[in-house]
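Let me begin by presenting the structure, written as structure tokens, before commenting on it.
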Amino acid sequence: MSYLLPTLTRKKEVDTIIRDTIDKVLVLRFGRADDAVCLQLDDILAKTAREVSKFAMVALVDVDSDDVQVYVKYFDITLIPSTIFFFNAHHMKMDSGTADHTKWVGAFHEKQDFIDVVEAIFRGAMKGKLIVNCPLPPERIPKYQLLYKDV
């Protein structure tokens with residue numbers, strides 16, 4: 001399903017889409033086109049892209065591309081898929097009860113989960129917030145362990 005969504009492979013493309021997406025939530029999925037969990041998430045993103053098109057835009061970023069490694073390092077993309085949200089070129093954070101508020105790690109369980117998260121981010125952003133609370137119940141949020149290098 002990744003062929004249905006724009007795939008960004010260069011830093012300039014990522015810069016441009018972040019800068020030029022105005023008054024909509026920009027959803028960037030960092031991952032690989034051949035990863036099983038990424039494909040599951042891509043399926044959900046592709047099916048909901050039209051439903052959220054009035055308040056969100058979805059794009060995929062290939063983490064294997066050498067040109068986007070600056071973003072992979074900046075956002076600390078160690079687990080894929082990782083989904084990052086922007087609104088008017090501001091990085092939007094979400095408190096989902098996990099240790100990392102900067103991104104969503106893993107796939108969403110259902111289409112409605114993704115729609116609820118994007119809608120919550122949009123509503124919070126319209127109120128001027130840079131961090132919003134996750135609207136999903138804790139059992140629907142993927143769990144993972146953070147591993148710190150050299151600590």
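Below, all heavy atoms of this structure are taken into account, side chains as well, without hydrogens, waters or symmetry copies. Note that the structure is a prediction, hence the values are computed from the model and not measured.
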Are [X] and [Y] grouped together when hydrophobic residues (ILVMFWY) are joined by side-chain heavy atoms under 4.5 angstrom apart?
{"X": "Phe108", "Y": "Met92", "answer": "yes"}
{"X": "Leu41", "Y": "Trp104", "answer": "yes"}
{"X": "Val61", "Y": "Leu4", "answer": "no"}
{"X": "Ile131", "Y": "Val118", "answer": "no"}
{"X": "Val105", "Y": "Ile77", "answer": "no"}

Atom [atom1] in [X], atom [atom2] in [Y]: separation rounded to 0.5 Å?
{"X": "Thr48", "Y": "Phe114", "atom1": "OG1", "atom2": "CZ", "value": "4.5 Å"}
{"X": "Asn88", "Y": "Asp20", "atom1": "CG", "atom2": "CG", "value": "11.5 Å"}
{"X": "Leu45", "Y": "Thr83", "atom1": "CG", "atom2": "OG1", "value": "6.5 Å"}
{"X": "Asp34", "Y": "Leu39", "atom1": "CG", "atom2": "CG", "value": "7.5 Å"}
{"X": "Leu26", "Y": "Phe85", "atom1": "CG", "atom2": "CZ", "value": "10.0 Å"}
{"X": "Thr16", "Y": "Arg10", "atom1": "OG1", "atom2": "CZ", "value": "8.5 Å"}

List the residues meeting side-chain hydrogen bond (donor to acceptor under 3.5 Å, both in side chains) with [X], not counting sequence neighbours, and say none if there are none.
{"X": "Gln40", "result": "none"}
{"X": "Arg32", "result": "Asp64"}
{"X": "Gln69", "result": "none"}
{"X": "Arg19", "result": "none"}

NZ/NE/NH1/NH2 to OD/OE distance under 4.0 Å, Asp76 and Lys73: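 Salt bridge flag = no for Lys73 with Asp76.
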Arg140 and Asp113 ion-paired at < 4.0 Å: yes
I'd like to check [X] versus [Y] (side-chain heavy atoms, cut-off strictly below 4.5 Å). Are they in contact?
{"X": "Ile80", "Y": "Cys38", "answer": "yes"}
{"X": "Asp116", "Y": "Leu136", "answer": "yes"}
{"X": "Arg29", "Y": "Val58", "answer": "no"}
{"X": "Asp62", "Y": "Leu8", "answer": "no"}

Option among Asp35, Val72, Val68 that satisfies the side chain to side chain contact (heavy atoms under 4.5 Å, CB included) test with Val63: Val72
Result of checking Val25, Ile17, Val52, Leu5 against Met57 for side chain to side chain contact (heavy atoms under 4.5 Å, CB included): Ile17
Heavy-atom closest pair, residues Asn133 and Met94: C-CG, 4.3 Å
Nearest atoms (heavy-atom pairs only) where Lys24 meets Ser53: NZ-O, 2.8 Å
Steps toward side-chain contact (heavy atoms from CB on, under 4.5 Å) verdict (Ile44, Glu110): CA-CA 7 Å; Ile44 290 171; Glu110 298 176 354; over 6 Å; no
Listed once per pair and sorted, the ring-ring contact (aromatic ring centres under 6.0 Å, His included) pairs that draw on residues 15-74, sequence neighbours left out: Phe55-Phe122
side-chain contact (heavy atoms from CB on, under 4.5 Å) between Ile18 and Leu28, intermediate numbers included: CA-CA 9 Å; Ile18 290 172; Leu28 291 180; 4.2 Å; yes
Glu51/Ile115 under side-chain contact (heavy atoms from CB on, under 4.5 Å): CA gap, chis, key distance, verdict: CA-CA 8 Å; Glu51 294 175 40; Ile115 294 169; 3.2 Å; yes
Contacts of type side chain to side chain contact (heavy atoms under 4.5 Å, CB included), residue His91, not counting sequence neighbours: Phe75, Ile84, Phe86, Lys93, Thr102
Verdict with supporting geometry, Cys134 and Asp95, side-chain contact (heavy atoms from CB on, under 4.5 Å): CA-CA 6 Å; Cys134 182; Asp95 183 2; over 6 Å; no
